[in-house]
Amino acid sequence: STHTAQADDPFRVAVVMPSATNDLAFSQSMYDALLFVQEEMGEDNFEFVFQDGTFVVDDAAVALREWALEGYDLIIAHGSQYGAVVEEIAIDFPDTSFAWGTDSDTFGFDNVFAYEAASDQGGFVNGYLAAQLTESGVLGVIGPIETGDAKLYVDGFVAGAVYGDEDITVNVNYIGSFSDVALAAEAAETHVANDADVLTGSAQMVVGAVGVAIDQDEQVLWFGTQANQTSLAPELVVASQVYHWEVVLMDMIELIQDGTLGGESYSLTLENEGLTIEFNEEFEVDEELLDEVDSLIEGIIAGDIPTLMEEDSE
Amino acid sequence: MSDQSSKPVVPKRIQAVQMNGIVKRFPGVLAVDHVDFELNSGEVHALLGENGAGKSTLMKILYGLYNLDDGEIVINGNPTSMRSPNHAIQAGIGMIHQHFMLVPSLTVAENIALGMRSSRGMLLDLDVVSARIRELSELYGLEVQPEAPIWQLAVGEQQRVEILRALYREASLLILDEPTAVLTPQEVDDLFRILGQMRDDGHSLVFISHKLHEVLAISNRITVLRDGRLVDTIPADTATKQLLAQMMVGREVVMRYEHAARESGESRLKLDSVSALSNRGDLGLRQVTLDVRAGEIVGVAGVSGNGQHELAQVIAGLRPSAEGKVWLEGQDVTSSSPAKLNTLGLSHIPEERMLDGIVKDFSVAENLVLQDFARKPYAWGMFLRFGMIARKCKQYIREYEIKTPSHETPTKSLSGGNIQKLVLARELSRQPRVLIAAQPTRGVDIGATEYIHHRLLEARDSGTAILLISEDLDEILALADRIVVMYEGQIVGEVSREDADVGTLGLMMAGATVAKAPNISENVIK
Amino acid sequence: MLSDILTASVIASAIRLATPYIFAGMGETFGQRSGVLNLGVDGIMLLGAFAAYYAVLETGSLLFGVMAALATGMLMGLVMAFVSVTLQAEQGISGIGLYLFGLGLSDMLYQRLVGTPVHVDGFPRVDIPVLTDLPVLGEIFFNHNFLVYVAFASVPLSAFVLTRTTFGLKIRAVGQNPEAADAMGVNVARIRYFTVIIGGAFSGIAGASLSIALVNFFQGNLTAGKGFIAVALVYFGAWRPYWVMAGTLLFSTVDALQLQIKTLENALNLDIPNELAVMAPYVVTLVALIFASKGVEKPTALTKPFERGE
Amino acid sequence: MLSDILTASVIASAIRLATPYIFAGMGETFGQRSGVLNLGVDGIMLLGAFAAYYAVLETGSLLFGVMAALATGMLMGLVMAFVSVTLQAEQGISGIGLYLFGLGLSDMLYQRLVGTPVHVDGFPRVDIPVLTDLPVLGEIFFNHNFLVYVAFASVPLSAFVLTRTTFGLKIRAVGQNPEAADAMGVNVARIRYFTVIIGGAFSGIAGASLSIALVNFFQGNLTAGKGFIAVALVYFGAWRPYWVMAGTLLFSTVDALQLQIKTLENALNLDIPNELAVMAPYVVTLVALIFASKGVEKPTALTKPFERGE
Ligand SMILES: Nc1ncnc2c1ncn2[C@@H]1O[C@H](COP(=O)(O)OP(=O)(O)OP(=O)(O)O)[C@@H](O)[C@H]1O
Ligand SMILES: Nc1ncnc2c1ncn2[C@@H]1O[C@H](COP(=O)(O)OP(=O)(O)OP(=O)(O)O)[C@@H](O)[C@H]1O
Ligand SMILES: [Mg+2]
Ligand SMILES: [Mg+2]
């Protein structure tokens with residue numbers, strides 16, 4: 001197989017992802033983006049293969065190397081845990097373009113793209129909204145492990161909540177696992193027992209927490225991130241921060257087709273519309289509040305409102 | 001002893017059993033070859049034969065543990081198939097195995113209730129079972145605590161549980177596979193009394209043993225097997241030890257040995273007031289002082305459980321001594337490791353040879369060098385020399401007449417007697433300075449026994465100092481130059497070969513005064 | 001300070017978290033007591049969890065959900081029994097095979113038949129007239145879903161069956177000395193089939209207690225290895241139902257405490273170093289280990305296939 | 001069609017994937033052959049992986065990395081030996097305790113000392129003058145990092161030690177009948193300490209083969225249960241080094257193939273149902289199971305503590 005893409009060959013992308021493509025979270029956000037791009041470019045011009053559920057890094061390493069040997073045009077390692085692997089393999093295949101995230105480090109290679117999500121921005125908006133909607137004044141957050149975009153989201157959420165109400169209590173709980181649904185459920189129970197009436201969380205194990213929120217007698221609200229989580233709990237979800245990796249993908253594809261294989265580092269932001277806040281249409285929110293959110297987003301885009309608190313950025 | 005007022009306990013379910021033309025094959029072995037066997041109610045029928053003759057196999061077929069390849073079993077005139085122990089139990093057959101079939105963690109009552117229908121349906125009725133056990137144990141004089149867990153019981157007690165279980169199940173035919181091999185003489189007396197009572201009640205009994213005097217004492221008829229084939233069935237009152245031995249082995253067996261008096265040499269093994277704890281935590285061995293010289297066999301007589309086991313273990317380095325000193329050729333070896341004792345020239349034929357003597361899954365060759373594989377000529381540095389090991393082993397197999405297909409055969413597929421020979425070959429071929437031989441012929445047929453005795457005498461004649469521990473007084477009398485008697489952990493007396501007679505030894509073994517000396521050496525019921 | 005942390009809600013939480021372990025642990029206790037180590041518990045839990053979830057999703061009936069989990073569990077138990085008892089395969093290996101099978105199949109079925117997470121209405125919290133309203137005890141003990149009660153009720157039931165019934169006696173005998181049990185007319189293979197199938201049913205319901213009671217969702221590897229921990233807890237509890245339950249509660253209390261500590265850390269400005277929370281379960285495990293595991297009556301025939309001479 | 005799938009690169013992949021299993025499996029073989037089941041392998045691997053990673057991160061020296069992994073592994077082996085041989089704790093429980101300990105400690109140390117993933121320069125691929133350039137064989141066999149070669153070299157070495165040396169004979173005797181071995185003058189406890197510590201060293205290096213050779217970074221639970229699979233593979237290979245290796249390669253080939261099949265499926269429009277790919281490892285496991293596990297010579301004293309005079 002040859003590396004040089006003929007004009008009439010389709011653009012071929014291969015992706016490895018840590019969880020299922022329909023997890024309503026991190027992996028789905030990439031999968032949806034790939035489908036979007038395929039729609040956009042047409043099936044004849046864009047092909048992709050993927051391997052999902054690859055949380056084990058060395059399984060991913062094998063897949064990445066295989067794909068590199070097969071001459072894919074762009075190989076994406078969708079997960080911050082894959083960085084070291086990408087760094088190692090990218091050296092061996094200087095003519096292949098790699099992309100990985102979420103991170104900003106291209107290792108100084110000109111065949112590696114990096115992408116991340118400024119998930120603190122959407123987190124900030126969600127946190128602000130949560131502070132307005134809570135009646136108990138207590139919010140609960142369920143995180144997996146304190147790294148990557150999950151940490152950014154959680155930190156942004158806390159900052160936004162405090163920005164909305166200085167006296168608010170935000171209880172944060174990292175359960176130490178991306179997969180333990182039952183523990184996530186129990187963390188939600190713990191939050192509720194400590195009076196939280198608004199919950200949020202990041203990563204694929206949060207379905208457990210959503211389930212608990214649904215089962216409460218008193219209404220408990222939910223804020224989503226990474227993908228639109230409205231379908232999980234149509235009654236409780238207020239809004240979700242949604243990742244639109246297609247913004248990044250389209251740009252990378254263009255660069256690659258023009259001969260630039262990497263070196264660029266991307267970030268999804270509210271500004272470039274890689275991040276959007278999608279409201280649940282079933283859930284009634286005051287017009288007034290929606291206006292506040294709009295101006296909040298403008299402020300964030302303009303850089304007037306910092307989305308991380310001082311101590312967090314240390 | 002039996003209480004006449006108790007209700008009769010034996011349903012006469014089995015009047016007669018015939019096993020006709022029984023054949024059983026195992027891979028590579030024709031274990032039972034067209035054997036006919038017959039048993040009537042109210043008789044004790046002994047089964048005799050060398051190790052591996054097929055005794056246990058024949059009886060396991062009757063008990064439904066093995067399916068027969070050919071032949072038929074006829075009970076009370078009806079051909080009956082015994083496809084599992086359940087069928088046998090239903091038919092009224094009980095069996096006490098060579099290795100007891102008890103669950104150690106369960107109590108006596110639980111073991112007896114196991115597999116029985118409960119009077120309360122699905123729920124256990126242990127109180128009912130216990131009450132019945134007490135009744136039965138009174139009736140037969142079988143003392144047993146229904147609530148005691150099996151693992152706490154001594155072997156003799158465990159056997160009583162097995163017998164009680166058969167009685168409980170109202171078995172009218174009871175098979176006993178080498179029931180006396182592990183019993184003390186008193187326990188054997190007890191057992192024979194119970195068996196006699198059972199026979200008188202109309203039970204049929206099959207009795208397997210290697211001890212001819214026992215067989216002669218208890219049975220009505222005797223069947224002898226050799227190499228899986230029936231030799232003959234004869235009435236007990238026409239049989240003699242000599243005749244039986246000849247039928248079993250197929251040749252004449254001489255149980256008399258050349259025992260040339262011999263000057264004993266220097267002191268090899270010395271014990272000075274040695275005491276040691278038993279497993280129970282009491283002093284199983286108390287203040288034993290002993291001296292074994294080059295070229296002599298010192299026999300240790302005594303009823304089992306009187307410290308012989310501890311004595312052997314302390315000397316072999318397998319049990320720490322609580323006080324006193326052990327000397328090997330003048331060197332203090334008190335509480336030395338078995339490894340060190342090995343290098344100093346001590347050999348040990350352990351009592352529980354399947355447990356302590358061999359590694360069952362190892363080949364014959366590996367077991368033959370188990371002690372010396374790390375030394376010349378079997379090893380070269382840390383590397384094993386397989387050629388040399390094979391050569392040596394073939395030599396031992398030949399010399400000691402170990403029946404095995406090859407030196408690479410897994411040891412577990414050898415018969416008990418041959419495993420014993422293997423251990424003997426290993427220990428004697430090292431030309432040990434001192435040999436501890438504990439029950440060297442227990443469970444071994446008479447042919448092999450004769451052979452082992454010759455070997456021990458040979459070793460003695462070549463200068464080895466031998467401590468022979470045995471419960472078999474005949475064995476001690478045949479081999480030992482001097483005899484010490486143990487009772488309750490102590491040495492209570494010593495006699496020389498010339499002065500020894502069964503009567504005095506028996507008295508000393510009982511630790512009793514002359515006046516109330518019981519007759520220990522003859523396990524005879526009238 | 002401890003009372004700040006060890007609140008009623010923590011204990012309630014521990015009880016909920018213990019539920020799947022208790023179900024799986026009781027089932028595994030039966031199997032191991034009879035001499036069969038089933039390492040496939042986690043795989044059976046996953047299939048049971050999916051079966052229950054899917055049944056409830058399709059029919060809306062919790063009864064069907066429970067029945068689906070039981071049936072699936074028993075079927076998997078039958079497979080394990082066949083492989084380990086009849087084929088006499090090495091139990092460690094067959095268990096792992098079963099686990100991988102359950103892991104793969106449950107995920108595949110989920111992807112095929114459902115795809116994206118949908119919430120089901122699982123077992124609701126039961127309100128027990130007077131008891132639920134009791135001040136503290138109400139929250140701790142009488143505010144759970146139905147399966148939580150079933151799980152805890154299964155403990156004395158299991159203990160009773162094992163110690164007081166003829167079936168239990170046979171199980172223990174078969175696990176300790178199958179030769180002896182066989183010689184006494186006990187059908188060793190049949191008893192082991194029973195216990196392993198019972199174990200499967202328990203594992204299936206353990207899965208259901210996650211998917212249609214605790215989280216009311218399904219996703220691939222929902223159990224996250226809980227089945228393996230249940231097996232460890234059976235060792236830990238030395239094959240005795242009450243001890244297994246005690247060990248499980250110890251374990252789940254530490255988990256619940258950790259959640260509580262992490263939650264309250266910044267809120268109450270508690271001064272608990274995070275390491276303490278992280279290390280707590282291991283320290284507890286090790287200490288309990290030293291106290292618990294010596295002198296235990298292990299089923300001596302565990303993992304040993306039984307075959308009569310011929 | 002098979003040749004489309006079973007390409008040189010798949011085989012090379014399988015060899016790389018097999019590396020940690022082979023290390024851990026050889027170590028576990030030593031322990032089990034002597035009668036000690038160490039279920040803590042995965043925990044030791046994690047600590048070894050972290051130690052190696054951290055040493056390389058701090059010093060830049062691969063030698064220090066390997067030494068750190070070995071030392072950590074041996075230390076953990078010593079702990080396991082102490083608990084299971086000297087304290088005679090139930091091996092199943094102590095192993096799980098060790099696993100949880102290693103899992104928690106490695107993650108905590110990583111969070112404390114490193115925090116976010118940093119790449120280290122691990123073992124590079126070795127270029128062997130002529131061999132690496134061989135057409136197909138070069139890619140398959142002579143294009144790996146140093147530790148891959150060490151792992152495969154350890155197989156004949158382990159087999160040799162177990163069958164041809166006096167130490168090996170002692171190990172086997174101790175695993176089969178510790179009473180007899182003791183009576184024959186073998187120091188049972190010492191042999192078991194040796195094997196468990198050797199096993200620890202192997203597990204440590206197994207972890208290092210992940211963190212400083214295969215992926216070159218660390219994260220919590222990096223091993224993802226590989227240690228447990230290694231234990232299963234030891235059973236699978238019936239305690240014989242070559243068989244363990246063969247089982248491992250079978251397993252890792254299926255893994256590598258699965259990656260390949262999924263990729264080819266959409267790329268080449270091959271008509272392989274996804275289910276086939278998903279189920280392949282289980283089918284292989286089950287089939288191999290039926291062939292491999294009957295009539296195996298298991299160390300009969302496995303999991304049994306030994307105490308003289310009982
Ligand atoms: N389960 C078995 N599998 C294979 N061979 C067996 C089995 N049981 C017995 N054998 C073989 O059958 C033959 C007869 O054995 P059996 O146990 O009946 O002898 P025995 O007369 O009871 O001897 P002993 O006096 O030593 O108890 C022997 O060669 C033995 O090796
Ligand atoms: N492991 C043990 N723990 C506690 N008590 C034991 C243990 N083993 C044996 N015993 C006690 O010791 C007594 C004797 O047991 P043992 O079987 O050693 O008898 P023995 O008289 O030495 O028999 P033998 O003649 O076979 O040597 C038993 O009745 C039991 O109460
Ligand atoms: Mg016999
Ligand atoms: Mg004794």
Side-chain angles (χ1 to χ4, degrees), chain B residues 24-27 31 56-57 60-61 63-69 83-91 93-97 99-107 109-126 129 149-151 158 161-162 165-166 168-169 175 177, chain C residues 29-30 32-35 85 90 156-195 198 238-241 243 294-302 304-310:
Chain B
K24 178 68 189 171
R25 287 182 201 89
F26 290 115
S56 299
T57 304
K60 282 178 178 171
I61 289 170
Y63 191 63
L65 277 168
Y66 294 155
N67 294 324
L68 41 73
D69 293 330
R83 271 174 287 112
S84 79
N86 235 338
H87 290 85
I89 292 166
Q90 300 304 329
I93 301 174
M95 178 161 183
I96 295 175
H97 297 262
H99 308 285
F100 293 155
M101 293 296 187
L102 296 167
V103 183
S105 66
L106 300 184
T107 64
E110 283 175 325
N111 267 286
I112 289 176
L114 179 62
M116 296 287 294
R117 194 171 286 284
S118 161
S119 63
R120 300 202 185 105
M122 305 242 306
L123 301 187
L124 282 172
D125 55 350
L126 290 178
V129 175
I150 297 300
W151 61 269
Q158 294 188 17
V161 177
E162 290 264 15
R165 179 157 68 185
Y168 191 100
R169 291 179 169 231
I175 304 160
D177 195 348
Chain C
T29 301
F30 276 100
Q32 292 203 14
R33 267 295 181 92
S34 78
V85 179
E90 169 62 41
L157 187 70
S158 302
F160 183 83
V161 169
L162 281 172
T163 57
R164 308 255 150 191
T165 67
T166 53
F167 180 53
L169 181 63
K170 286 180 191 169
I171 293 175
R172 288 181 290 144
V174 163
Q176 286 283 347
N177 189 346
E179 289 77 19
D182 178 57
M184 286 308 109
V186 176
N187 189 329
V188 175
R190 191 196 296 158
I191 295 291
R192 288 185 171 174
Y193 262 87
F194 271 137
T195 57
I198 290 173
W239 301 275
R240 278 164 294 195
W243 287 48
K294 246 198 106 173
V296 144
E297 272 294 323
K298 181 174 179 169
T300 41
L302 190 59
K304 298 210 187 84
F306 168 73
E307 195 170 24
R308 197 186 286 159
E310 193 85 336

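To find a chain, count down the sequence lines: A is the first, B the second, and so on, and within it residues start at 1.
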Mind checking whether Glu179(C) and His97(B) have side chains closer than 4.5 Å, heavy atoms only? no
Give me the atom names and distance for the closest heavy-atom approach of Pro85(B) to Ala183(C). CB-O, 3.6 Å
For the atom pair OG1 (Thr163(C)) and CG (Leu124(B)), what is the distance rounded to the nearest 0.5 Å? 8.0 Å
Counting only heavy atoms not in Arg190(C), do more than 12 sit closer than 6.0 Å to its CZ atom? no
Select one option (side chain, backbone, both, neither) describing which atoms of Leu123(B) are under 4.5 Å from chain C's heavy atoms. both
Could you go through the side-chain contact (heavy atoms from CB on, under 4.5 Å) check for Asn177(C) and Leu102(B) one step at a time? CA-CA 7 Å; Asn177(C) 189 346; Leu102(B) 296 167; 5.7 Å; no
Within-4.5 Å side-chain heavy-atom neighbours: Leu114(B) and Lys170(C): yes
Out of Leu126(B), Asp125(B), Asn111(B), Leu106(B), return the one with the most heavy atom pairs under 4.5 angstrom to chain C. Leu106(B)
Does Tyr193(C) have more than 12 heavy atoms from other residues, nucleotides or ligands lying within 6.0 Å of its OH? yes
Closest non-hydrogen atom pair between Thr166(C) and Ser118(B), with its separation: CG2-CB, 3.6 Å
Interchain contact, Arg117(B) with chain C, by part (heavy-atom threshold 4.5 Å): neither
Looking only at heavy atoms, which two atoms of Gln176(C) and Val103(B) are closest? And how far apart? CB-CG1, 3.2 Å
Evaluate side-chain contact (heavy atoms from CB on, under 4.5 Å) for Leu65(B) paired with Asp182(C), printing each intermediate quantity in order. CA-CA 9 Å; Leu65(B) 277 168; Asp182(C) 178 57; 3.4 Å; yes
Taking side chain as C-beta onward, heavy atoms only, is Arg169(B) less than 4.5 Å from Met184(C)? yes
